[in-house]
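So the structure is just underneath, and the comments pick up after that.
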Amino acid sequence: MGNLTRTMAAAVMASAALVPQTSDACSRILYKGSDSLFVVGRSLDWKTPIPTNLYVYPRGVKKVSSNLDNPIKWTSRYGSVYAVGYDGGVTEGLNEKGLVVNGLFCKGTVYNDTTVTKPYTMSLSVFPAWILDQCADVDEVKALLEDAQFEIQGATFDGGTVSALHWGVTDATGKSIIFEFDRGRINIYDMGDYLAMTNDPQWPDMKAIIDYWDKIGGTHMLPGTVSSPDRCVRTNFLAHHVEAVGDASLGVSITRSVLVNSSVPYTYLIQGEPNVSSTQWRSYADLRDKRYYFEIVTNPGYYYIDLTQLDLGKGSPVLKLDTSATSDLIGNANSRLVKAEPFTPMF
C-alpha cells in the first residue's frame, strides 16, 4: 500500500470511528472578510422541501416561551428577521445588532434530564427568537444560556421527526460559539479560528476530526463525500483559503461558493442512507450591513432583507415575505414584505 493510500485510509477510519454513518445534512460557514465584513452562510438540508417564510419583527413585542404552565416571558429589545419553517417555528435569524443564530441537526442531542425538573418550559419553535430578541453579541448569549432554567418542549415536526439540534451563533465582531444540549446541561464552545460546523458528531469530536485533517493538509487532498465530517472539514479548509474582501456583495458571493461546495446536490440520494438529505435552501447573513440573504435552490437567484432600511421601532407591524410567491425575486426584497399577523408557534 502506497503512502498516499495509507494516509487516505487512516483519515477515513479516523472519521468513521467518531461519527455515525448517517446524518441530516446541514452546513454552516463563517466568512471573515476585510473592513469588518463577516458573513455567515448556512444550508438547510432535508428529504423534502421545507416551506420557509421570512418574518420581520420589531422591538417591543411581548412574547412567551410556551403554551404550558410557567413559560418564560420577555419583550423584544431588538428587531429581527426570522426564517420560519411551516409558518410555525423559527429555524434561524439575524437581528439589528448583527447577531445571527442558526440551528443545525445533531442526532446526539438529548435536551432534558429525566431526573431533574426545571421550573420553566421553552418551545423550540421560539427558542432562537428568545436569543435574538434579547442579545446584542455572543457574550450576552452566553450569559443568557448560562442562567437558563427551562426544559425543551416541541421537539418534533414534519409528522413526528425529532428536532435534535445544536446551534451556531456569531456576532458583528466575528466572535462565534457553538452550544449543545446534553441531558439538561448546555455546553458552550468558543469556536476560535474554526470556521465551519455541520451535524454529527458533537463539537468536541468534530473538532478532533478537523484537527486531524489539518495535519494532513488540504491543498492536494480533502474528504469529498456528503457525510457530516467530510463537509465540515472541506468547508473549514476552503473558508480559510479564500480571499478576504470588504465588498459585501463579493463577500456573500465567496461565502456562497464555499457553501455550495459543501451542499448536498438537489435530489441526490444514497441507497440505504435515508437520513442524508439534499439542500433545500441556503441563507447568508451579512453581519456588518445587517442584510439577510435567502436562496431556495430551485429558484434562479437569491434576494435579501435589509434591516437598516426598515422601521423596527416599537409599535411597527410584523412583516412577512411569502417565499413560495418569490420564484423570480432577485436583490433587495424589502418592497415585497407585507404587513402580517405574527406566526403561530408550533408549541
Side-chain angles (χ1 to χ4, degrees), residues 8 11-12 15-16 18-31 39-52 83 85-86 91-92 102-109 157-159 161-168 178 194-203 205-206 209-210 213 218 221-239 242 252-285 293-302 323 327:
M8 293 178 69
V12 170
S15 296
L18 290 170
V19 65
Q21 293 303 300
T22 61
S23 64
D24 298 296
C26 300
S27 303
R28 185 182 192 267
I29 172 182
L30 170 61
Y31 170 74
V39 180
V40 172
R42 72 84 50 89
S43 65
L44 189 288
D45 302 356
W46 192 239
K47 55 192 175 184
T48 56
I50 293 183
T52 304
Y86 300 97
T91 303
E92 64 176 29
N102 311 92
L104 283 71
F105 270 89
C106 184
K107 292 203 305 293
T109 298
F157 79 108
D158 196 14
T161 300
V162 176
S163 296
L165 302 171
H166 61 172
W167 306 85
I178 290 173
Y194 296 89
L195 300 179
M197 67 178 288
T198 52
N199 313 107
D200 298 293
Q202 291 168 304
W203 183 245
D205 288 339
M206 184 68 85
I209 295 172
I210 295 173
W213 278 98
M221 181 177 64
L222 281 171
T225 77
V226 297
S227 72
S228 176
D230 282 13
R231 285 182 289 106
C232 196
V233 167
R234 195 162 65 246
T235 304
N236 185 71
F237 175 82
L238 294 173
V242 290
V252 171
S253 295
I254 292 171
T255 307
R256 185 175 185 239
S257 68
V258 174
L259 192 59
V260 168
N261 189 276
S262 65
S263 295
V264 180
Y266 196 63
T267 74
Y268 178 77
L269 298 173
I270 297 179
Q271 191 67 32
E273 294 193 30
N275 291 322
V276 172
S277 304
S278 58
T279 298
Q280 303 294 331
W281 55 258
R282 305 181 190 96
S283 68
Y284 313 93
Y293 294 74
F294 197 73
E295 173 188 21
I296 298 175
V297 298
T298 53
N299 286 1
Y302 60 108
T323 64
S327 61

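Values below: every heavy atom of this structure, side chains too, minus hydrogens, waters and symmetry copies.
A donor and an acceptor atom, one from each side chain of T198 and R231, are nowhere located under 3.5 Å apart. No side-chain donor from either of D200 and S228 sits under 3.5 Å from a side-chain acceptor of the other. Side-chain atoms of R28 and N102 include a donor-acceptor pair closer than 3.5 Å.
In this structure, CD1 on I178 lies 10.5 Å from OH on Y194, to the nearest 0.5 angstrom. Going from atom CD1 of I254 over to atom OH of Y31 covers 3.5 Å, rounded to the nearest 0.5 Å. To the nearest 0.5 Å, the span separating CD1 on I296 from OG1 on T279 amounts to 13.0 Å. Here the CH2-OG distance, from W281 to S43, works out to 9.0 Å after rounding to the nearest 0.5 Å. N299 contributes atom CG, which lies 8.0 Å from atom OG1 of T323 (distance to the nearest 0.5 angstrom). One finds the CG atom of L195 at 10.0 Å from the OG1 atom of T235 (value rounded to the nearest 0.5 Å).
A donor-acceptor pair under 3.5 Å links the side-chain atoms of R234 to the main chain of T225, judged by distance alone. Put simply, the side chain of R42 gets close to the backbone of G103: a donor and an acceptor are under 3.5 Å apart. Between the side chain of S27 and the main chain of S263, no donor-acceptor pair closer than 3.5 Å is present.
The two residues V297 and R282 make their nearest non-hydrogen contact at CG1-NH1, 3.6 Å. P201 and P229 make their closest contact through CD-CG, 4.3 Å (heavy atoms, listed as atom of the first residue, atom of the second, distance).
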Checking side-chain contact (heavy atoms from CB on, under 4.5 Å) for the pair W213/N236: CA distance, chi angles, key distance, verdict?
CA-CA 10 Å; W213 278 98; N236 185 71; over 6 Å; no
